[in-house]
Number of protein chains: 2
Amino acid sequence: MSTVSNVLNGRSGRMRKETLARVENAIAQLKFHPNPAALRLKTGRTSLIGLLVPSLANPMFGAIAREIETFAQERYGHRVLIGSTYRDKEKEATFFEDLLAHGVRHVIVISSLADERHFDTMIERGMTVVSYDRLAAKGRTSKVVHVTPDNFEAARLATEHLIEYGHKRLAFATVAGMTLSRSAKIQGFQAAASHSGLQKTAIVLNGGLLDEYGDSVMSEIGRTLAFQLAADPSRSTGVVAVNDLMALGLMAGLREAGLRVPQDVSIVGIDGLFLAALSNPALSTVQLPVADMARAMVDCAIAPKAEGEVHACEQVFMPTLLVRRESVAPPPVPATESATGRGARNARA
Amino acid sequence: MSTVSNVLNGRSGRMRKETLARVENAIAQLKFHPNPAALRLKTGRTSLIGLLVPSLANPMFGAIAREIETFAQERYGHRVLIGSTYRDKEKEATFFEDLLAHGVRHVIVISSLADERHFDTMIERGMTVVSYDRLAAKGRTSKVVHVTPDNFEAARLATEHLIEYGHKRLAFATVAGMTLSRSAKIQGFQAAASHSGLQKTAIVLNGGLLDEYGDSVMSEIGRTLAFQLAADPSRSTGVVAVNDLMALGLMAGLREAGLRVPQDVSIVGIDGLFLAALSNPALSTVQLPVADMARAMVDCAIAPKAEGEVHACEQVFMPTLLVRRESVAPPPVPATESATGRGARNARA
DNA sequence: TTGAAAGCGCTAACAT
DNA sequence: ATGTTAGCGCTTTCAA
């Protein structure tokens, strides 16, 4: 029995070849697969990785989940235990408890709550947690691994694109509720604006709060924001959306409000969803390196670490590039200052 | 010990109240949670449910997965072990093996291969498998539970909508590779066409094959099909897409080819993704009852069944309704028979 | 180099 | 009504 165990665990040096062959033969013959439950019970390990997303219905998270699942499986033979948090602290905590109970030691958390102190508890209990879309808070040394796109840079790139086309009145459209990634994007937006002396007219449009229905309301918020924008005679002519879904909602809302994209308002998204190519006009967006980030997350989560290794690493991925499509054009030439407006409730957020 | 076990398993009748209270107290005090691995090892059961989707990156499957995950958790306290198959037989089989090894007894398979005989093996090995988007093949009695929208009816509804607007030349756009759901849709399409004497001009447009990249190429295929359509002087004026993603791709392609939706060509989708409301023009589509179906699948998969119960049930869900938006209009009035065409390579599929 | 035995945390049969 | 025990399938000492 222990010899078989040794074979299974690669300690084939401790027996003579003949025995090894005999065991391997039997394993093949019987199609023997170690029972994960027994393994789990004995060792505490399991070949499962936890994945926490705000909502599976959000195509961006779907895209990331897809890459994570594929890679974890191919590279490490791990399956994925998935859960939606709807950005709810309670749900997130419950999920972590369940994971622990199921023996899952590796978990990837996509865009969780602003506060990640609760991760430390889990790490002390033996988990490796990889957090997406944020960096460690200043002054805190946690053992959480962070993998994130450079959100500042992504937003800066998007904003630059608008400036390059001559836009003077810029806006950044986001949802209420501040996360690190959102504030990094806002900073990138403002940095780009300031760099061109446009900070005075660069505004942040804060839409509604994501409710329990998760991220499929993101585009609804974009739509609402679009109406606010449309109602403002001195509206921004170029807007950077916090993500592609927001951008899509913005475009739909603008159109409903009678404004044209890009003739009246230009829009740039961030993410690079395949859906961005399908919109009308096709959405210009900053492409994030989804597959690379997914691989990095899986590696950080699962790869065996050297014993004393301080495991807090931070990986920041550059946005691959700006995908220029059709949603950006030069700003409209104003006949008079407020020619494009229609007498409106002053509805800026 | 066994008393505790009895408490945990609801057999609280076998002890006196006082003991029950004492045990419950201790459980609360110690925050005791039964170890799933031990439970699994002992009983063979686990509180995990398997979910197989063609691709997580497909928003429709994301939407379904979201509902399944939420309901399985809320109703049964089950977590979801998810995997993408990319519609590959090998990957599907591997996933099933892994599930079995992990002790998972309940699995939901979304839109799998045409042939589902391999499920029988798994069922014999103690699994409950629920299959989405198909009915049992005629003449076969398997123990697979089927939950599906009425695809025939969905396509019929979509087609009727086009006919109602006066379209005479109809097309159904789909991908290569026949699944039961796709063929049911085609039949619904043809039935509606025939019903109005339009069968002569009702054609099926078969796009490319879904490759290993999964369903994000669905819209690419739509785009390609759009070019074929545009090149045909006597093209169909109303097209039903096999799903919303295909419809979105079709619209993008048509636009690139210089055709307008709905003025030149009308499009109807099937699914009712939230994305359909965001397109330009907003996509008219047949809404499927995603949440209801998800619940039904989870119930069928997990709910304890009476012993001898013949377990093959078939649940067919009616499409809730047609969502009328902007992608359908009356057909263009032809100046002469082929006025709208541009001398084209005859490119029909 | 191999075998024997303990034990991971439970459940269920059995004994008390 | 409660306690005792075997055993689910492994890993890992320890002994041979």
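Worth saying up front: this structure is predicted, and the values here are computed from it rather than measured. Residue numbers start from 1 in every chain, and the chains themselves are labelled A, B, ... in the order their sequence lines are given, proteins ahead of strands.
- Judged by distance alone, the side chains of A:His118 and A:Glu92 do bring a donor and an acceptor atom under 3.5 Å apart.
- The local environment of CZ in B:Arg45 is sparse, with at most 12 non-hydrogen atoms from other residues, nucleotides or ligands closer than 6.0 Å.
- Not a single donor-acceptor pair under 3.5 Å links the side chain of A:His78 to the backbone N or O of A:Ala72.
- With hydrogens and angles disregarded, no donor-acceptor distance shorter than 3.5 Å links the side chain of A:Glu67 to the backbone of A:Val290.
- A:Gly103 comes within 4.0 angstrom of nothing in the nucleic acid, heavy atoms only.
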**Study point:** Heavy-atom protein contacts under 4.0 Å, nucleotides 6-16 of chain C, coded B base, S sugar-phosphate only, - none
**Key:** -BBBBBBB---
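- Of the listed residues (B:Leu135, B:Leu288, B:Val316), just one forms a side chain to side chain contact (heavy atoms under 4.5 Å, CB included) with B:Asp150, and that residue is B:Val316.
- Without hydrogens or angle criteria, A:His146 side chain to A:Arg134 main chain gives a donor-acceptor distance under 3.5 Å.
- In this structure, the helix from C:dT1-D:dA16 to C:dT16-D:dA1 shows an angle of 50° between the axis at its start and the axis at its end, each fitted on 5 base pairs and rounded to 10°.
- The nucleotide range of DNA chain D contacted by chain B, defined by atoms under 4.0 angstrom from heavy atoms of the protein and reported 5' to 3', is D:dA1 to D:dG9.
- Taking the six-membered ring where the residue is Trp, B:Tyr76 and B:Phe71 present perpendicular rings, their angle passing 60° and hence far from 30°.
- A donor-acceptor pair is defined here as one N or O able to donate and one able to accept, closer than 3.5 Å; such a pair exists between the side chain of A:Arg182 and the backbone of A:Gly177.
- Taking both residues in full, the closest heavy atoms of B:Leu81 and B:Leu48 are given as CD2-CD2, 4.4 Å, listed atom of the first, atom of the second, then distance.
- Atoms CG and CG, on A:Asn9 and A:Asn6 in that order, are 7.0 Å from each other to the nearest 0.5 Å.
- Residue A:Arg16 is in sugar-phosphate contact alone, with no base atom involved, counting any heavy-atom pair closer than 4.0 Å across all strands shown.
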